[in-house]
Protein chains: 2
Amino acid sequence: MPKRVDHEERRRLIAGALWRLAAERGLEGASLRDVAAEAGISLGQLQHYFTSKDEMLGFALEHIGQLAEGRIRARIEALPGEPTPRTVLRETLAEMLPLDENSRIGQRVQIAYFVRALYDERPRTHAREGSRALRDFLAGQVARGVERGEVPADRDPGCEASLLMALVEGVSGHTLMELHTPEEAMALIDLHLERLFGGAAA
Amino acid sequence: MPKRVDHEERRRLIAGALWRLAAERGLEGASLRDVAAEAGISLGQLQHYFTSKDEMLGFALEHIGQLAEGRIRARIEALPGEPTPRTVLRETLAEMLPLDENSRIGQRVQIAYFVRALYDERPRTHAREGSRALRDFLAGQVARGVERGEVPADRDPGCEASLLMALVEGVSGHTLMELHTPEEAMALIDLHLERLFGGAAA
DNA sequence: ACTGTAGCAATACAAGTGACTTGCAAAAAG
DNA sequence: CTTTTTGCAAGTCACTTGTATTGCTACAGT
């Protein structure tokens, strides 16, 4: 065999190029040739690593999901001591907002995939699983808050988790549209969290 | 001159065909030929009414905005007597959710334009204006609620309006992804409204 | 009756698209 | 050294895209 190259490594490199393009021109707007050019490789080489465009998109989606999960996990584990549910929720939601240029790109790509899922059954099912997992995680944190008496007992963790997700995704969209600054976006999330956790003291 | 035809009427007819396609395949996925076929006319005829694709998309966007505004207005005016701010808010938000097949289509097309706005400066500016107008309307209703003592006085109408919009758009997306049923979506909105208005009694 | 023009159809066109095929260089395996 | 397989480049394929062009028909204005 010739030069032994790390296939996964190459695929990640290509996925990176795809994101950059998808972030500024949309997912469908990125042709294989464009991606290859952005990655600094030839079309032939790209096709050597991805048989079809669908395969490339699929891999990139899988990868972005793992990265996002990793970022959230790292962010939470970086917190000092035993973080409260509220802190965990805040950090998790913050990671889902387009607060810096990097997460702006990530967020745009996520939306591109969201749109794709709107029109295709397969990716929709896949995305649903991811959303449910995230919702369950958030619900778990809310439940923990209820147990610790930090959240009013009449709040249903499942519903609260759904509200949180919808809210953060909505705020995210508004931020990308430059309707809010990143700071305002985070303030809105904090405001909602304050309501969720603040009511218990009264 | 030959047959005198109602230009606006034709353009609306074409816009309708565009929506149907955009709802199921996305906005960029609808080619001029497809739209013409869906509208039951020839490509040549379509080009007679819209010089370029951009012009067609622009007209359709303008039109869908007017329709949405009209639906909301009609829905509110159909309410008996002098509606409370809460009722107005509920009806307005309900109209923004994909609760039936028709609004599902409308919602999908809106998203298609939202995506477009993400990547283009011009439509983004335009969309921002619309969003701000809607936000101001919602904020006005919240302020009215505060005046009438139905909403706690410490709630900032602007922030609450932003939260409502983000929430309804997030829930809308989740509903389109079939993460929620339309009923669950409405229940989530009602839950949030209950919090917004309920706190005053306590 | 003649003419100009709105309404429309058909076709052509250049620029892209994703997928596929071929060919070859390089390096590991024998 | 020879063989074999991987990595990659280049070109080709059929096809779709938005736009431009051409030409015909029917009717209003004169």
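This one's a predicted model, so the numbers in the text were calculated from it and none came from an experiment. Below, chains carry the letters A, B, ... as their sequence lines are ordered, and counting in each starts from 1.
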Asks: Using a 4.0 Å heavy-atom cut-off across all strands, classify B/Leu32 as base, sugar-phosphate, or nothing.
Replies: base
Asks: Give B/Thr51 one of three labels, base, sugar-phosphate or nothing, depending on what nucleic acid heavy atoms sit under 4.0 Å from its own.
Replies: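 The residue B/Thr51 makes no contact with any strand.
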Asks: Atom CG of B/Leu27 to atom P of D/dG18: distance rounded to whole Å?
Replies: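 It is 11 Å, rounded to the nearest whole Å.
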Asks: Is B/Glu160 salt-bridged to A/Arg195, cutoff N-O under 4.0 Å?
Replies: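 Yes, charged N to carboxylate O under 4.0 Å.
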Asks: Need one value for B/Tyr49: base, sugar-phosphate or nothing, where a base atom within 4.0 Å counts as base even if backbone is also close, heavy atoms only.
Replies: sugar-phosphate
Asks: Rounded to the Å, how far apart are B/Glu55 CD and D/dA20 C1'?
Replies: 16 Å
Asks: Would you mind telling me which of C/dC8, D/dG18, C/dG18 lies closest to the side-chain atoms of B/Ser31?
Replies: D/dG18
Asks: Using a cut-off of strictly less than 4.0 Å, decide whether A/Arg10 has a side-chain nitrogen or oxygen near OP1 or OP2 of D/dC8.
Replies: yes
Asks: OP1 or OP2 of D/dG7 versus the side-chain N and O atoms of A/Gln45: is any pair under 4.0 Å?
Replies: no
Asks: Under 4.0 Å, counting only non-hydrogen atoms across every strand here, what does B/Ile41 touch: a base, just sugar-phosphate, or nothing?
Replies: nothing
Asks: Using atom CE of A/Met56 as one end and atom P of C/dA19 as the other, report the distance to the nearest whole Å.
Replies: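 Atom-to-atom, A/Met56 to C/dA19, this comes out as 9 Å.
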Asks: Rounded to whole Å, please give me the gap between NZ in A/Lys53 and P in C/dG16.
Replies: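 Roughly 15 Å, once rounded to whole Å.
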Asks: Map A/Asp54 and B/His7 onto DNA chain C by nearest heavy atom, then report which one ends up closer to the 5' terminus.
Replies: B/His7
Asks: So, under a plain 3.5 Å distance rule, would you say the side chain of A/Gln47 forms a donor-acceptor pair with the base of C/dC20?
Replies: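 A donor-acceptor contact between them is present.
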Asks: B/Leu18 CG to D/dG18 P: how many Å, rounded?
Replies: 11 Å
Asks: How many whole angstroms separate atom CG of A/Leu43 from atom P of C/dC20?
Replies: 12 Å
Asks: Does this structure show an ion pair linking A/Arg144 with A/Glu147, if we count only N-O contacts that are shorter than 4.0 Å?
Replies: no
Asks: Decide yes or no, distance alone: a donor-acceptor N/O pair under 3.5 angstrom between the base of C/dG18 and the side-chain of A/Arg33.
Replies: yes
Asks: When you measure from the side chain of A/Asp34, which nucleotide among C/dG7, C/dT17, C/dT11 comes out closest?
Replies: C/dT17
Asks: Closest nucleotide of DNA chain D for B/Gly29 versus for A/Leu46: which of these residues is on the 5' side?
Replies: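 The residue whose closest nucleotide sits nearer the 5' end is A/Leu46.
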Asks: Counting only side-chain nitrogens and oxygens, does B/His48 get under 4.0 Å of the OP1 or OP2 atom of C/dG7?
Replies: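 Checking B/His48 against C/dG7: at least one side-chain N or O falls below 4.0 Å of OP1 or OP2.
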Asks: Grab the CD1-P distance between A/Ile14 and D/dG7 for me, whole Å please.
Replies: 12 Å
Asks: Using the rule given for salt bridge (charged side-chain N to carboxylate O under 4.0 Å, His left out), can you reason through A/Arg108 versus A/Glu24, listing the C-alpha separation, both sets of side-chain angles and the distance that settles it, and then say yes or no?
Replies: CA-CA 8 Å; A/Arg108 284 196 188 211; A/Glu24 59 184 67; over 6 Å; no
Asks: Can any side-chain N or O of A/Arg86 pair as donor or acceptor with the backbone N or O of A/Leu193 at less than 3.5 Å?
Replies: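 Checking the backbone N and O of A/Leu193 against the side chain of A/Arg86, no donor-acceptor pair under 3.5 Å is found.
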Asks: Is A/Arg73 paired with A/Glu95 through a side-chain N to carboxylate O contact shorter than 4.0 Å?
Replies: no
